[in-house]
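Chain naming here is simple, since letters A, B, ... match the order of the sequence lines and numbering starts at 1 in each. All values below were derived from every heavy atom in this structure, side-chain atoms included, with hydrogens, water molecules and symmetry-related copies excluded.
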Amino acid sequence: MSLLQLNPPQRAAIMSLDGPLLVLAGAGSGKTRVITQKIEYLIREGNYDARNIAAITFTNKAAREMLERVGKLMNSRELKGITVSTFHSLGMQLLRQEAPHLGYKPQFSILDSYDAAKIISDVLKTTHKDEVRKVQSRISLWKNELLGPDAAIVQADNEFDRICAMTYASYQTTLTAYQAMDFDDLIRFPVELFLSNAEVLQKWQHKLRYLLIDEYQDTNTCQYQLVKLLTGARGMFTAVGDDDQSIYAWRGANMENLRLLQHDFPRLKVIKLEQNYRSTARILRAANSVISNNPKLFEKQLWSELGLGEPLHVVQCKDEEHEADVVVQRLLAHKFEHRTEFKDYAILYRGNYQARIFEQALRNQRIPYQMAGGQSFFDKPEIKDVLSYLRLIANPDDDPAFIRALTTPKRGVGATTLERLGAWAGQRGNSLFAAAHEEGFQLQVGAAQLAPLQDFCRFIVNLEYRATREPAGELVMEMLKAIGFEAWLYDSEDSQRAAEVKWKNVMDLVAWLQKKGEADGKNLIELSQTIALITMLEGRDEGEVDAVKMSTLHASKGLEYPHVFLIGCEEGILPHSESVDNGMVEEERRLMYVGITRAQRSLTLTYCVKRRRAGEWLFVEPSRFIGEINGDDIRHFGKPGAEPIVSKREGKSKLASLMASLDSKVQKPEE
DNA sequence: GTAGAGTCGGTTTTT
DNA sequence: CCGACTCTAC
């Protein structure tokens, strides 16, 4: 029906089914549209069964959105069995079936980076977070290049790498002992399995006959290998990407994969999408002019038919507090003047920490806001507490889950006993759970510690037995009652309100388990196995609520907003100083490019003159990227000689704003 | 030995 | 403003 509404390259991209295809899709050029309509085309015209199609994205949110949009094109019967998921959840699904080939049980646990970092800090015997992070990311980069611990040791050519490689080896041993995998393993292990087991490879090649890969420029070596192995010699896939929007090199993404594609698939067809349907010409011109300072992999020029539009606003602020006030003030003035809604605005920033002060400013003015990215539902501490029980029930060898469950709520077993248990387990090559049952260990601890420990183990064993026989929701509810979780929340939280919110989150989880358990006929163990990567509330009714959107630049990729404030455009923040030191300015520039191209109609860039950093006031410089925008497309505010920050309309109401601030002090809510 | 209160130092980006 | 570390009361 809708092929007619597409431009010629879009149509060509959709209708090209006979071999490997790379779509170079500029920002706002309708790439999601191409992917979703191509799925429709594959099924309706290309004779593909939905079961044999996999669309792979990088975030769960993108996957959700894609599925939703395809759902609008076709009914669920036609789409039955289609795979629309992230690399990580595809890997997980595969491994749940094939884990025994790798010496893992199908109930293996998935550790988040927080748990993984803890293991690494144990191995390193450091608590310095910075060191741990560096080692962790080094290990992660090796994994993404498909190098195991042995290969890493061979490759290490400096002291730091040698330390990392040694750590990598014991870290991986520990993971195996826990029957656990980290995020990288979810992609690495399938690749290794495919390389060593032709039969399994064939089985999956047969199942997934057509692949669509979104954000292809963000694939790392490992992910590319997975794609290559799955498509095999047939090379039936569509990769969609934009080299100018590659912003994940720091976690192993390899832009060279775009070039590799041409090399590995000589039949590769390349289609460029250059018409932008999102932004005004001025915004696009600014974006093009910034990105033109980067070397080009593929030549492309974005253009738009949406008119010239307003110049970009660049606002100089005194400090970060002032910056937040200025943005909020300008946002309100703009909203009033243009009769827009809150949901038409987005505030974008480089680091999560920048958001706090803006949250405060928005709250002071009673402006509703919604944070994207940030903390996902399953990362909330109270949810992780409950999930640690579920993980332990599914996999008693999961030591991090064991420790967390055993110590929340506190039941009289502390660090010393845990240390002894850990020492004993390490000596015997056992999990903590197994070690707790051994007599040799039990003789080492006093009765006051042993009793609660044994009670706990019996409790878990009992739950494990019932987990396969009773409905998940009710069982978890009963478990929470048994451990006194609600009371514990109210006890340990300093405000009633905070405890209420947390308990409600837990109840949401229980309700979700119940619903999901009934719908899919899954028991608690099966549910807890999939939960690590699922995001149940992520992206829920976003856009429906009238609220200002707040997001990191990274999390904003793929999204668009009528009016954008890009804050903290300073040397040190954007580009980030670490990146400057590491020679990664080009990636920071792409980040700036991503930020600019989120805006549809208006864009405001802000920077501060001074900023508080580690307790000290530091004078900072505006970002070099501002200087890369053509001056004719910019209106400056707040600088000496430039226009004042506060417009005339605002200046008149100085009294009003004073009253407003007084107002907010008087009716200060109890939090 | 364990648990909770209080203090001090420090910030990239995410599956 | 969050989390790691220290100190003190059971």
Side-chain angles (χ1 to χ4, degrees), chain A residues 56-63 85-92 110-114 116 118 121 126-130 132-134 136-137 140 143-144 181-187 215 218-220 222-223 246-253 348-357 359-360 372-376 378-379 381 407-420 445-450 452 488 491-492 494 532-535 538 551-557 568 572-582 584 587-588 590-591 594-595 611-616:
Chain A
I56 307 174
T57 61
F58 273 80
T59 65
N60 290 300
K61 195 171 162 183
S85 69
T86 63
F87 271 106
H88 291 88
S89 47
L90 177 66
M92 183 192 67
I110 298 166
L111 301 189
D112 60 22
S113 39
Y114 182 80
K118 258 207 265 192
S121 70
T126 344
T127 47
H128 263 298
K129 236 173 119 185
D130 219 40
V132 174
R133 272 174 79 127
K134 276 187 186 132
Q136 188 177 21
S137 80
S140 173
K143 287 191 172 191
N144 292 334
M181 300 186 193
D182 63 21
F183 286 134
D184 301 319
D185 289 338
L186 294 176
I187 301 164
E215 308 281 11
D218 288 330
T219 52
N220 58 42
C222 195
Q223 288 160 336
S246 162
I247 53 176
Y248 285 105
W250 53 274
R251 67 172 205 206
L348 306 181
Y349 36 84
R350 176 69 232 259
N352 283 305
Y353 68 98
Q354 293 176 61
R356 267 179 220 133
I357 199 158
E359 281 187 84
Q360 199 56 54
Q375 199 189 28
S376 99
F378 287 98
D379 284 336
T407 55
T408 35
K410 299 277 185 270
R411 35 164 72 75
V413 182
T416 313
T417 305
L418 271 176
E419 218 161 279
R420 282 186 190 154
V445 293
Q449 281 73 245
L450 188 56
W488 175 76
D491 263 8
S492 50
D494 17 64
L533 291 178
I534 296 175
T535 45
E538 217 175 73
S551 172
T552 62
L553 287 166
H554 283 89
S556 76
K557 194 164 67 157
I573 293 183
L574 183 62
H576 195 274
S577 44
E578 294 276 313
S579 300
V580 176
D581 294 346
N582 298 326
M584 308 266 289
E587 175 145 320
E588 298 288 307
R590 291 191 289 271
L591 208 43
V594 167
R611 191 176 280 273
R612 217 190 174 88
R613 239 182 124 130
E616 264 181 309

Quiz item: Looking at CE of A:Met181 and CG of A:Leu186, how far apart are the two atoms once the value is rounded to the nearest 0.5 Å?
Solution: 7.0 Å
Practice problem: Verify whether one side chain among A:Thr417 and A:Gln449 offers a donor that lies under 3.5 Å from an acceptor in the other. | Solution: no
Quiz item: If you measure only the distance, is there a donor-acceptor pair under 3.5 Å linking the side chains of A:Ser137 and A:Ser140?
Solution: no
Quiz prompt | Contact nearer the 5' end of DNA chain B, comparing A:Asp130 with A:Arg251 | solution = A:Asp130
Quiz item: Which sits closer to the 5' end of DNA chain B, A:Asn582 or A:Arg420, going by the nucleotide each is nearest to?
Solution: A:Arg420
Quiz item: Is there a stack between A:His576 and B:dT12, judged by ring centres under 5.5 Å and planes under 30°?
Solution: yes
With the side chain counted from C-beta on, respond yes when [X] and [Y] share a heavy-atom pair under 4.5 Å apart, and no when they do not.
X	Y	value
A:Ile56	A:Leu90	yes
A:Ser556	A:Val594	yes
A:Asn352	A:Thr552	yes
A:Thr408	A:Trp488	yes
A:Asp182	A:Asp112	no

Exercise. Consider the side chain of A:Ala555, meaning its heavy atoms from C-beta on, and name the nucleotide among B:dT13, B:dT14, B:dT11 that approaches it most closely.
Key: B:dT14
Grab the [atom1]-[atom2] distance between [X] and [N] for me, whole Å please.
X	N	atom1	atom2	result
A:Leu553	B:dT14	CG	C1'	14 Å
A:Ile187	B:dT14	CD1	P	17 Å
A:Glu215	B:dT15	CD	P	12 Å
A:Tyr353	B:dT13	OH	P	8 Å
A:Arg612	C:dC1	CZ	C1'	12 Å
A:Lys557	B:dT13	NZ	P	16 Å
A:Arg133	B:dT12	CZ	C1'	7 Å
A:His88	B:dT15	NE2	C1'	4 Å

Quiz item: Under a 3.5 Å cut-off on both pairing distances, which runs of 3 or more consecutive Watson-Crick or G-U pairs involve DNA chain C?
Solution: B:1-9 with C:2-10
Quiz item: Does A:Thr552 make a side-chain N or O approach to OP1 or OP2 of B:dT14 shorter than 4.0 Å?
Solution: yes
Self-check item: Under 4.0 angstrom between A:Asn352 side-chain N/O and B:dT13 OP1 or OP2
Solution: yes
Quiz item: Of all heavy-atom pairs between A:Gly568 and A:Ile573, which one has the smallest distance, and what is that distance?
Solution: O-CG2, 3.4 Å
Quiz item: Minimum heavy-atom separation for A:Ser121 to A:Val132, with atom names?
Solution: CB-CG2, 3.6 Å
Exercise. Assign A:Phe58 to base, sugar-phosphate, or nothing according to its heavy-atom contacts below 4.0 angstrom with the strands shown.
Key: sugar-phosphate
Exercise. Summarise protein proximity over nucleotides 2-10 of chain C in one line of letters, 5' to 3': B for base, S for sugar-phosphate only, - for none, counting protein heavy atoms closer than 4.0 Å.
Key: --SS-----
Quiz item: In the 5'-to-3' direction, what one-character label does each nucleotide of nucleotides 2-8 of chain B receive under the scheme B = base within less than 4.0 Å of a protein heavy atom, S = sugar-phosphate only, - = no such atom?
Solution: SSS----
Quiz item: Do the charged groups of A:Asp218 and A:Lys557 touch, with an N to O distance under 4.0 Å?
Solution: yes
Quiz item: Is a salt bridge present between A:Glu587 and A:Arg590, judged by a nitrogen-to-oxygen distance below 4.0 Å?
Solution: yes
Quiz prompt | Whole-angstrom distance between C:dG3 and B:dT14, as gauged at atom P | solution = 16 Å
Quiz item: Rounding to the closest angstrom, what is the interatomic distance between C:dA4 and B:dT13 at atom P?
Solution: 16 Å
